[in-house]
Structure formats: structure tokens, C-alpha cells
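Comments concern the structure below.
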Amino acid sequence: MNGDFEEKVLRIVKCIPAGKVTTYGLIARAAGNESAARMVGWILNRMKFNPEIPAHRVVNRNGMLTGKWHFETPDLMASLLISEGIPVKNDRIDRFKSYLWIPELNHCE
DNA sequence: TCTTTGACGCTGA
DNA sequence: ATCAGCGCCAAAG
């Protein structure tokens, strides 16, 4: 029962489709702990050297790129998203809702 | 140990 | 629309 949450979080993040994004809160919910959105960010922070984890596709509930300062350069996160076809304006995803991908645990095996 | 600090999110004023 | 306050819980000092 321990590390289970982290494992689920990583599995979910890994299957976020290119060209889509999701949020810390939705991941936390799909992983079984709705109130652990902060922990999701903390886990990703530790995984930032793992290329398997597309952490740039995770934003906060407003579509803001709050995690950009944790990448190698502050512009990297926006660059990656833009290269996947997601419009970013002032550290925020434009028409955020239309790019939102809602994770479901049973969806990504 | 206790305190502060967050890649967050909800509620209420 | 904006803003403070709170719950969450792991890590660092």
C-alpha cells in the first residue's frame, strides 16, 4: 500500500498522448488520492531526469505551466508543448479545455 | 522535533 | 474576477 500511489502516477503520466495535457489534480484522482495533487508534482520533480516521463504534459488546473522552472531551461516546457501542437501563451495553454486529457487508470495499461 | 516550503485545488468573501 | 485561507503530506534545515 505504499509507493502504490507513485507507481500509478508514473504509469498515468507515461500514457498521456502527445498533443494532449492533463493536470496534477486529475492524475492524483485517477491514482486514488484526490487530495494529493501536490504529491504528484513532488514525484515528477524527482523523475525529471527520467526521459520516460513526459512531465511537460502536466499542468495545473488552469492550464498554467507552473512547473516550467523545474526544467533545464524555463522555456523548455513551453517549447515541447508547442512542438506537439499545443498553443502556449504567457505560460498558459490557450483553449486549455480542448487539449485536456482526462486520465483513467483502467485506460492505460 | 518543529517549522517552512512547495510542479495543487477548493471554498468563501 | 480576485484574493486570502485551509487541507494535503513529503522533504529539507
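Just so it is clear: chains get the letters A, B, ... in the order the sequence lines come, proteins before strands, and each one is counted from 1.
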Starting at [atom1] of [X] and ending at [atom2] of [N], how long is that distance when rounded to a whole Å?
X        : N       : atom1 : atom2 : result
Asn50(A) : dA7(B)  : CG    : C1'   : 16 Å
Leu44(A) : dA10(C) : CG    : P     : 16 Å
Glu34(A) : dC9(C)  : CD    : P     : 13 Å
Arg61(A) : dT11(B) : CZ    : P     : 9 Å
Lys68(A) : dC8(B)  : NZ    : P     : 14 Å
Ile43(A) : dC9(C)  : CD1   : P     : 13 Å
Phe5(A)  : dA10(C) : CZ    : P     : 10 Å
Asn33(A) : dG9(B)  : CG    : C1'   : 13 Å

So, OP1 or OP2 of dC8(B): does either fall under 4.0 Å of a side-chain N or O from Thr66(A)? yes
Specify the closest pair of heavy atoms between Ala28(A) and Ala36(A), including all atoms of both residues, with the distance to one decimal. CB-C, 3.8 Å
Does Asn60(A) reach a base, just sugar-phosphate, or nothing at all? Heavy atoms under 4.0 Å. sugar-phosphate
Counting the atoms with a prime plus P, OP1 and OP2 as sugar-phosphate, which does Ala28(A) contact under 4.0 Å by heavy atoms, base, sugar-phosphate, or nothing? nothing
Collect all protein-nucleotide pairs involving nucleotides 4-6 of chain B in which both atoms are nitrogen or oxygen and the distance is under 3.5 Å.
unit_1	atom_1	unit_2	atom_2	d
dG6(B)	N9	Arg38(A)	NH2	3.3
dG6(B)	N7	Arg38(A)	NH2	3.0

Sorted by number, the residues of residues 77-95 of chain A with heavy-atom contact under 4.0 Å to DNA chain B: none
Mark yes when over 12 heavy atoms from residues, nucleotides or ligands other than Asn62(A) sit less than 6.0 Å from its CG; otherwise mark no. yes
The nucleotide from dA7(B), dA10(C), dG9(B) with an atom nearest the side chain of Thr23(A) is dG9(B)
Closest to side chain of Ser35(A), choosing from dA11(C), dC8(C), dA7(B): dC8(C)
Do Glu6(A) and Arg46(A) sit within salt-bridge range, that is, some charged N less than 4.0 Å from a carboxylate O? yes
Inspect the contact between Arg57(A) and Glu84(A) and indicate whether a charged nitrogen and a carboxylate oxygen are less than 4.0 angstrom apart. yes
So do Lys68(A) and Leu76(A) actually touch side chain to side chain, heavy atoms under 4.5 Å? no
Stepwise side chain to side chain contact (heavy atoms under 4.5 Å, CB included) check, Val58(A) with Thr23(A): CA-CA 5 Å; Val58(A) 185; Thr23(A) 74; 5.9 Å; no
Using the rule that Ile, Leu, Val, Met, Phe, Trp and Tyr join whenever any side-chain heavy atoms are under 4.5 Å apart, tell me whether Met64(A) and Ile86(A) fall into a single cluster. no
Does the pair Arg38(A) and Trp42(A) meet the rule for a side chain to side chain contact (heavy atoms under 4.5 Å, CB included), with working shown? CA-CA 6 Å; Arg38(A) 287 187 111 138; Trp42(A) 171 71; over 6 Å; no
Using the P atom on both, measure dG5(C) against dT4(B) and round to a whole Å. 15 Å
Taking it one step at a time, do Phe5(A) and Met39(A) satisfy side chain to side chain contact (heavy atoms under 4.5 Å, CB included)? CA-CA 9 Å; Phe5(A) 179 72; Met39(A) 300 303 102; 4.1 Å; yes
